[in-house]
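Since the structure is predicted, the reported quantities are computational estimates derived from the model, not experimental observations.
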Amino acid sequence: MTPELRTERLEFLPYRPEHEDVFVELLRDEEVCRWMGQDLVPEPQIREVFRAILTDIYPQGRFDVWGLWLAGRYIGHAEVKPTGNVEGHELVTALAPGYWGQGLGGEAVRGLLRHAAENLGLTEAYGMVGAENTASLAMCHRLGFRHLRDVVGDDGSVTKLLVIPTAEGGSEGASRTAVEATARTPAPGVGTTDGGPVPAGARGAEGVTGAPGATGTAGAASGEDHLAEVAGGEGLAGAAIGEGLAGAASAGEAG
């Protein structure tokens with residue numbers, strides 16, 4: 001069962017039926033989709049994905065999915081899930097544009113790393129970040145991710161497959177250091193969603209997923225079990241969640 005998690009500023013809460021509209025609003029945002037590397041998906045499909053979380057993902061314990069809340073406000077999405085790109089789990093996060101550039105993306109990723117280590121027993125975790133998403137790549141570097149290899153999509157887009165020891169990125173010392181570093185990083189312009197890879201050079205974004213055309217929440221390129229597929233789609237909308245919903249490791253914020 002997906003547990004509730006908390007970091008310094010964020011609450012990770014399992015979705016409830018009354019969260020459907022805010023979930024849809026997040027995933028219908030053009031900038032969020034852009035940095036998640038996916039096209040806008042029709043609203044009915046996003047609602048189908050949300051309902052699949054409640055009726056399929058949670059009941060079967062397929063993987064952990066949360067809404068991200070800040071001071072009682074819904075600000076984004078997060079996941080930890082098996083990825084089809086490698087033998088392991090991928091982190092996915094996506095933040096609403098109004099919360100980019102505040103260090104929340106990095107904080108969300110660190111929260112996921114602690115959960116992966118303490119609750120799931122994972123020793124390492126992965127992230128997918130678009131090669132053009134310089135903000136997210138910079139954030140991942142600060143957190144301790146290292147580059148494993150490039151994943152090239154059918155359209156020629158390049159996504160960076162990154163890995164990090166869960167104990168490193170989720171440690172309290174690393175958390176404080178990363179929070180301070182991201183807090184000092186201004187968000188130039190618009191930015192990407194937090195918690196997901198932001199295309200390099202993204203306008204102030206940072207995240208762990210969200211590569212243009214590449215996975216998302218959880219490794220989509222290989223088509224693993226991500227939200228998008230659950231809904232029969234392609235993800236979250238087929239995108240960040242792997243390449244789908246999950247994709248959201250990050251769609252991010254730069255931050």
State, to 0.1 Å, how close [X] and [Y] come at their nearest heavy-atom pair, and which atoms those are.
{"X": "His115", "Y": "Pro3", "value": "CE1-CG, 3.6 Å"}
{"X": "Val129", "Y": "Cys140", "value": "CG2-SG, 4.0 Å"}
{"X": "Glu30", "Y": "Leu40", "value": "CG-CD1, 3.5 Å"}
{"X": "Phe63", "Y": "Pro82", "value": "CB-CD, 4.0 Å"}
{"X": "Pro97", "Y": "Val32", "value": "CD-CG2, 3.7 Å"}

Side chains of [X] and [Y] in contact at under 4.5 Å (non-hydrogen atoms):
{"X": "Val109", "Y": "Met139", "answer": "yes"}
{"X": "Val86", "Y": "Leu161", "answer": "yes"}
{"X": "Val65", "Y": "Pro14", "answer": "no"}
{"X": "Arg146", "Y": "Ile164", "answer": "no"}

Could you state the interatomic distance from [atom1] ([X]) to [atom2] ([Y]), rounded to the nearest 0.5 Å?
{"X": "Asp64", "Y": "Met1", "atom1": "CG", "atom2": "CE", "result": "10.5 Å"}
{"X": "Ile75", "Y": "Leu104", "atom1": "CD1", "atom2": "CG", "result": "5.0 Å"}
{"X": "Gln60", "Y": "Thr55", "atom1": "CD", "atom2": "OG1", "result": "9.0 Å"}
{"X": "Glu124", "Y": "Glu87", "atom1": "CD", "atom2": "CD", "result": "11.0 Å"}
{"X": "Leu112", "Y": "Leu68", "atom1": "CG", "atom2": "CG", "result": "7.5 Å"}
{"X": "Thr166", "Y": "Arg110", "atom1": "OG1", "atom2": "CZ", "result": "15.0 Å"}

Give a yes or no answer on whether the side chain of [X] reaches the backbone of [Y] with a donor-acceptor pair at less than 3.5 Å.
{"X": "Tyr58", "Y": "Tyr15", "value": "yes"}
{"X": "Trp66", "Y": "Gly76", "value": "no"}
{"X": "Trp100", "Y": "Leu95", "value": "yes"}

- Task: On the 0 to 90° scale, with breaks at 30° and 60°, tag the Phe50-Phe23 ring pair as parallel, tilted or perpendicular.
- Result: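 Plane angle between 30° and 60°, so tilted.
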- Less than 6.0 Å separating the ring centroids of His19 and Tyr74?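 Not close enough - the centres of the two rings lie 6.0 Å or further apart.
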- Query: Applying the salt bridge (Lys or Arg N to Asp or Glu O under 4.0 Å) test to Glu107, which of Arg6, Arg114, Arg9 qualifies?
  - Reply: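 Of Arg6, Arg114, Arg9, salt bridge (Lys or Arg N to Asp or Glu O under 4.0 Å) with Glu107 is met by Arg9 alone.
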- Item | Stepwise side chain to side chain contact (heavy atoms under 4.5 Å, CB included) check, Gln45 with Leu27 | CA-CA 11 Å; Gln45 185 176 344; Leu27 295 176; over 6 Å; no
- Task: State yes or no: do Met128 and Leu148 share one hydrophobic cluster built from I, L, V, M, F, W and Y residues joined by side-chain heavy-atom distances below 4.5 Å, directly or via other members?
- Result: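 They do share one cluster, since a chain of ILVMFWY contacts under 4.5 Å joins Met128 to Leu148.
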Is atom [atom1] of [X] surrounded by more than 12 heavy atoms (other residues, nucleotides or ligands) closer than 6.0 Å?
{"X": "Arg73", "atom1": "CZ", "value": "no"}
{"X": "Glu18", "atom1": "CD", "value": "yes"}
{"X": "His141", "atom1": "NE2", "value": "no"}

- Query: When you check the gap from the basic side-chain N to the acidic O, do Glu90 and Lys81 get nearer than 4.0 Å?
  - Reply: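 Answer for the salt bridge query: no.
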- Cationic N near anionic O, under 4.0 Å, Glu43 to Arg28: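 Arg28 and Glu43: not salt-bridged.
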- Query: When you look at Val163 and Phe145, which way does the side chain to side chain contact (heavy atoms under 4.5 Å, CB included) test go after all the steps?
  - Reply: CA-CA 5 Å; Val163 64; Phe145 282 85; 5.8 Å; no
- Item | side chain to side chain contact (heavy atoms under 4.5 Å, CB included) assessment of Thr2 paired with Phe12 | CA-CA 10 Å; Thr2 297; Phe12 295 60; over 6 Å; no
- Please test Leu162 against Leu137 for side chain to side chain contact (heavy atoms under 4.5 Å, CB included), starting from the C-alpha separation and ending with a verdict. CA-CA 9 Å; Leu162 312 174; Leu137 289 172; 4.3 Å; yes
